[in-house]
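Have a look at the structure below before the remarks.
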Amino acid sequence: MRPSPAWRNAAVAVLGCVAAVAGAVAFRVHTVETGPVADLASRHAPATAEAVLTDDPRQVKPQTGDFRRVSFVVPARVEVVGTAAGRTRTRVPVVLFATGQEWRSLLPSQRVEIRGRFKPAEPGELLAAVMLVRGPPRVLSGPSWVQRTAGALRAGLREAADVLPADRRGLLPGMVVGDVSRMEEKVAADFKEAGLSHLLAVSGANLAVVAGAAVVLARGAGLPLAVRAAFAVFAMVAFAVVARPSPSVLRALLMGIVAAVALGTGRSRDGVAALSVSVLGLILFDPVLARSYGFALSVCATGGILVLAPRWRDRMAGQRSQMTGRPREVGGWLDRVAGQRIGTAGRPEQATGRASRRIPRWVAEAIAVPAAAQAAVTPVLVLMSGQLAPVAVPANLLAGPAVAPATLLGFAAALAAPVSMPFARLLAHPAGLACGWIIEVAGHAAGLPLAVIPWQSGVPGLLLLIAAAVAVVLVLRHRRSRWLVAAAMGGMLAVLALSTTPVVARWPPPRWLLVACDVGQGDALLVAAGPGRAVVVDAGADPVPVDRCLRSMGVREVPLVVLTHPHFDHVGGLDGVFRGRRVGAVVVSAGAGGGGGGARLSGGLARRGIAEWTARPGMSWRFGPSELTVIGPPEGPPVESGGGEGVALNNASIVIHVRWSAGAALLSGDIETEAQAELLRRGFPPAEIFKVPHHGSGKHDPDFFAAVGARAALISAGADNSYGHPAPSTLARLHRLGIRTYRTDLSGDLAVVAREEGGLAVVVRGR
């Protein structure tokens with residue numbers, strides 16, 4: 001049987017597209033792997049260069065205790081390379097790693113002269129090299145008028161948003177123009193877990209809102225259809241200028257223009273075909289998109305909305321009508337706001353069948369669109385991160401009504417800011433209310449159990465997902481099989497509930513006294529201080545995990561924070577403690593003021609108006625059921641140590657003995673062998689619970705461990721950390737002493753609770 005001409009033409013078109021993309025990618029690979037920059041990178045050679053910035057400098061969070069270093073990652077294009085042999089012209093993409101506040105104010109399209117060392121890029125990256133920049137950049141030319149205008153409007157939006165609370169102040173520019181420079185880490189993490197991160201990237205949804213509003217205004221003015229479409233294109237181009245013409249913005253703009261042309265000409269356009277043309281054109285223009293997960297997520301989400309959402313909506317609404325024309329054209333959102341549905345011949349489409357509604361059509365559409373988008377991107381998420389996010393659909397459904405008001409009011413504020421800042425701030429207030437609702441949705445969704453389900457990553461995970469989807473479809477096709485599955489699942493849940501204990505403990509556990517929070521490679525401990533209150537001992541390296549731990553325990557007030565020593569993995573997450581909570585005072589080590597990290601910490605506390613106290617042996621506090629006493633470090637000269645400044649700071653850690661009516665705990669910071677021996681020589685009270693020092697490091701004094709007299713040990717360490725914590729020798733020592741060991745890297749949050757019959761027990765939350 002010979003293939004039909006349609007199939008033959010389709011096959012030729014697909015092969016032609018594949019060949020074109022392969023050629024574009026091969027040309028880019030040849031460009032980045034040859035030439036002067038690639039040669040310098042292969043030799044790790046230093047050079048000077050003239051580069052044009054292609055995106056905003058992105059600040060990188062510090063990973064050490066040096067708070068003074070402000071680092072940036074800057075995408076750029078090197079156009080001139082200078083070495084001892086002379087200057088050579090080229091044109092290749094690179095990534096710059098730079099430090100210094102001078103980079104913060106630079107805009108895309110600015111030309112700078114820099115000095116540094118070239119190094120090879122990661123395998124598979126379509127980059128000629130990465131460059132480690134030394135010193136500040138020398139600006140050679142200003143940004144283009146488009147980027148200058150975008151920079152001014154974005155700065156105006158940030159200034160207008162200053163009237164909002166901190167979380168909304170950072171979210172509004174992110175939702176409107178993708179500017180996440182002031183986004184709180186906690187809010188960004190909640191958005192990621194709730195499946196709302198797409199709201200922080202300028203995409204077709206933003207352009208749809210702006211273009212839809214433009215069409216509504218044009219229709220209200222009585223303008224003809226073609227003029228409405230032109231007005232929509234103008235609005236989208238203006239929005240693209242404000243949001244910066246980045247690849248994601250250009251991708252969305254191209255799709256929007258295709259939809260507007262379909263509206264203005266009155267000719268039907270197949271949405272999938274338009275999407276395909278857009279994808280092909282963008283990959284030919286920028287082959288780097290071919291391996292971009294962000295691009296893949298955007299395309300899959302758009303495809304899901306075009307292909308799956310209409311069918312799911314009609315099925316939920318109970319519609320069985322057959323349309324006379326071809327499938328709905330791309331840009332249905334433009335047609336709806338224009339008030340007209342165009343058929344294949346330019347006439348309004350007429351339904352020929354009957355429709356029995358089960359639920360209102362608008363409700364069905366509100367559910368179908370996020371569900372279809374999430375279903376389409378799930379395979380990519382599995383390949384990328386190995387997880388499923390079932391909470392994403394209801395989160396998007398709840399957040400959806402606030403997205404359009406926030407986007408439109410924020411865009412209007414950005415346009416109004418250069419003319420009248422008071423009016424822009426007036427517009428920012430209702431936009432902030434919409435952002436506040438979205439933040440609440442994200443926070444509650446991220447806090448739900450099983451908001452994110454671990455899944456096998458990579459190709460095996462994708463195959464497993466396909467098999468599971470096929471099985472679910474086959475099982476749920478028939479009513480009898482659906483009832484059987486529901487009955488089987490109900491029976492399994494009943495058996496588990498009646499015959500077994502919970503796999504994961506109820507959280508927060510009743511009568512908790514101490515919690516070791518799972519904050520990765522770092523320390524963060526909560527000591528019970530009464531209902532809704534806790535003393536925080538260290539805060540980890542990241543504000544997000546410690547804030548989440550405090551929220552999970554229902555802590556609304558922190559009467560005291562103890563920072564055992566100023567290493568980043570103990571103080572870097574302090575902002576998470578302050579988030580939405582009243583903090584009484586902060587206690588720091590006597591050795592904290594010696595480095596830049598301690599000085600920066602003191603300055604931050606002073607700006608917040610928080611009292612700072614220096615720990616001294618014998619200091620004691622009583623909060624609720626807990627009595628805390630400082631037993632180290634000793635006053636006088638610091639403990640002798642031969643490991644440099646880092647070891648000296650560890651040995652200066654505050655050591656706290658916590659007593660309850662049911663027992664006691666020893667919280668030992670990061671003290672190492674020398675400080676442990678000194679504490680043993682001076683003497684200290686025993687404890688049933690032992691927070692093992694320095695994340696279970698191998699540097700420990702066996703006699704000190706034995707003198708604690710503990711029955712249980714808590715070790716706070718990050719999963720698969722590069723330090724080898726906890727050390728096998730430390731675990732073996734604890735085992736020989738008969739001390740049961742609990743680890744956050746294996747069991748998540750750890751809680752010490754008071755038994756009803758007396759004594760202490762450890763409850764694990766599970767990861």
**Asked** Between V561 and V583, is a side-chain contact (heavy atoms from CB on, under 4.5 Å) present by the stated rule, with each step listed?
**Response** CA-CA 8 Å; V561 176; V583 176; 3.9 Å; yes
**Fill in**
Between the CD1 atom in I671 and the CG atom in L649, the distance rounded to the nearest 0.5 Å is 14.5 Å
**Asked** So do the side chains of I656 and V658 get within less than 4.5 Å of each other, counting heavy atoms only?
**Response** yes
**Item:** Inter-residue atom distance D518.CG - D749.CG, 0.5 Å rounding
**Value:** 6.0 Å
**Prompt:** Does R168 have any salt bridge (charged side-chain N to carboxylate O under 4.0 Å, His left out) partners at least two apart in sequence or in another chain, and if so, which?
**Reply:** none
**Prompt:** Quick one: do D190 and R551 make a salt bridge, cutoff under 4.0 Å?
**Reply:** yes
**Item:** Intermediate values then yes/no, ring-ring contact (aromatic ring centres under 6.0 Å, His included), F705 and H700
**Value:** CA-CA 8 Å; F705 274 35; H700 67 270; 4.8 Å; yes
**Message:** Is a donor from one side chain sitting under 3.5 angstrom from an acceptor on the other, for H567 and D670?
**Reply:** no
**Item:** Taking every non-hydrogen atom, the tightest pair across I739 and A710
**Value:** CG1-O, 3.3 Å
**Item:** Minimum-distance pair of heavy atoms, taken over all atoms of A712 and V762
**Value:** CB-CG2, 4.1 Å
**Message:** Check this for me: does any side-chain nitrogen of one of K699 and E674 sit under 4.0 Å from a carboxylate oxygen of the other?
**Reply:** no
**Counterpart residues, side-chain contact (heavy atoms from CB on, under 4.5 Å), relative to R755 (two or more places apart)** = E757, A761
**Asked** Is there side-chain contact between V587 and I654, with at least one heavy-atom pair below 4.5 Å?
**Response** yes
**Request:** Check the side chains of E672 and N651 for a donor-acceptor pair under 3.5 angstrom, ignoring hydrogens and angles.
**Result:** no
**Asked** Any sub-3.5 Å donor-acceptor pair from D167's side-chain atoms to G170's backbone N or O?
**Response** no
**Expected output: side-chain H444 to main-chain E440 donor-acceptor under 3.5 Å** = yes
**Item:** Expected output: side-chain D542 to main-chain V544 donor-acceptor under 3.5 Å
**Value:** yes
**Message:** Between S626 and A528 (side chain of the first, backbone of the second, donor and acceptor by atom type, cut-off under 3.5 Å), is there such a pair?
**Reply:** yes
**Reported OG-to-NE2 distance for the pair S620 and H657, which is rounded to 0.5 angstrom** = 11.0 Å
**Sub-4.5 Å side-chain heavy-atom contact between V586 and L563** = yes
**Item:** Close side-chain approach of L526 to M553, heavy-atom, < 4.5 Å
**Value:** yes
**Prompt:** Is a side-chain N or O of S716 found less than 3.5 angstrom from the main chain of G522, in a donor-acceptor match?
**Reply:** yes
**Prompt:** Roughly how far, to the nearest 0.5 Å, is CZ of F191 from CG of L171?
**Reply:** 4.5 Å
**Item:** Under 3.5 Å donor-acceptor, T730 side chain and G696 backbone
**Value:** yes
**Fill in**
Tightest non-hydrogen contact, residues V441 and A395, listed as CG1-O, 3.6 Å
**Message:** Can you confirm whether I631 sits close enough to L666 that some side-chain heavy atom of one is under 4.5 Å from a side-chain heavy atom of the other?
**Reply:** yes
**Where S552 and P508 come nearest, the two heavy atoms and their spacing** = O-CD, 3.3 Å
**Request:** Count the heavy atoms belonging to other residues, nucleotides or ligands that lie under 6.0 Å from CZ of R740, then report whether that count exceeds 12.
**Result:** no
**Request:** Would you check if Q676 and D703 make a side-chain contact, meaning some heavy-atom pair closer than 4.5 Å?
**Result:** no
**Item:** Listed partners of C435 passing disulfide (SG to SG under 2.5 Å), at least two apart
**Value:** none
**Prompt:** So, T673 and D701: side-chain donor and acceptor under 3.5 Å apart, yes or no?
**Reply:** no
**Request:** Enumerate the residue pairs fulfilling salt bridge (charged side-chain N to carboxylate O under 4.0 Å, His left out) with a member in residues 566-589, sequence neighbours excluded, ordered by first and then second residue.
**Result:** E184-R579, D547-R579, D547-R581, E557-R582, D575-R608
**Message:** If you define the side chain from C-beta out and look only at heavy atoms, does anything of V630 sit under 4.5 Å from W621?
**Reply:** yes
**Request:** Output, in order, the C-alpha distance, side-chain angles, deciding distance and verdict of side-chain contact (heavy atoms from CB on, under 4.5 Å) for W660 and L760.
**Result:** CA-CA 10 Å; W660 308 285; L760 301 173; 4.1 Å; yes
**Prompt:** Is a side-chain donor or acceptor of Q59 paired with a backbone partner of F72 at a separation under 3.5 angstrom?
**Reply:** no
**Message:** Could you report the tightest heavy-atom contact between I610 and G584, atom names first, then the distance?
**Reply:** CG2-O, 4.2 Å
**Message:** A quick test of your reading: do over 12 heavy atoms of other residues, nucleotides or ligands sit less than 6.0 Å from CZ of R58?
**Reply:** no
**Message:** Would you compute the distance between atom CD of Q521 and atom CG of D720 and round it to the nearest 0.5 angstrom?
**Reply:** 11.0 Å
**Asked** Are the aromatic ring centres of H694 and H565 under 6.0 angstrom apart?
**Response** no
**Asked** Minimum heavy-atom separation for L513 to A754, with atom names?
**Response** CD1-CB, 3.9 Å
**Request:** Using the test side chain to side chain donor-acceptor pair (under 3.5 Å), find all partners of S729 that sit at least two apart in sequence or belong to another chain.
**Result:** none
Let me have the donor-acceptor pairs involving side chains of residues 679-691, under 3.5 Å, with sequence neighbours excluded, atom names and distances please.
unit_1	atom_1	unit_2	atom_2	d
R681	NE	E678	OE1	3.3
R681	NH2	E678	OE2	2.8
R682	NE	E678	OE2	2.7
R682	NH2	E678	OE2	3.4
E688	OE1	A664	N	2.8
K691	NZ	D523	OD2	2.6
K691	NZ	G669	O	2.8

**Heavy-atom side-chain contact between S589 and T564 under 4.5 Å** = no
**Check: W437 side chain, L398 main-chain N or O, donor-acceptor pair, under 3.5 Å** = yes
**Prompt:** Atom OG of S747 and atom CZ of R765: how far apart are they, to the nearest 0.5 Å?
**Reply:** 13.0 Å
**Request:** Given side-chain contact (heavy atoms from CB on, under 4.5 Å), test L560 with F623 step by step and report yes or no.
**Result:** CA-CA 9 Å; L560 188 70; F623 298 106; 4.0 Å; yes
**Request:** Ignoring hydrogens and angles, tell me if any N or O in the side chain of S653 forms a donor-acceptor pair with the backbone of N650 under 3.5 Å.
**Result:** yes
**Message:** So does A717 get a backbone contact from the side chain of T744, meaning a donor-acceptor N/O pair under 3.5 Å?
**Reply:** yes
**Prompt:** Could you walk me through whether L734 and I715 pass the side-chain contact (heavy atoms from CB on, under 4.5 Å) check?
**Reply:** CA-CA 11 Å; L734 294 168; I715 298 178; 4.2 Å; yes
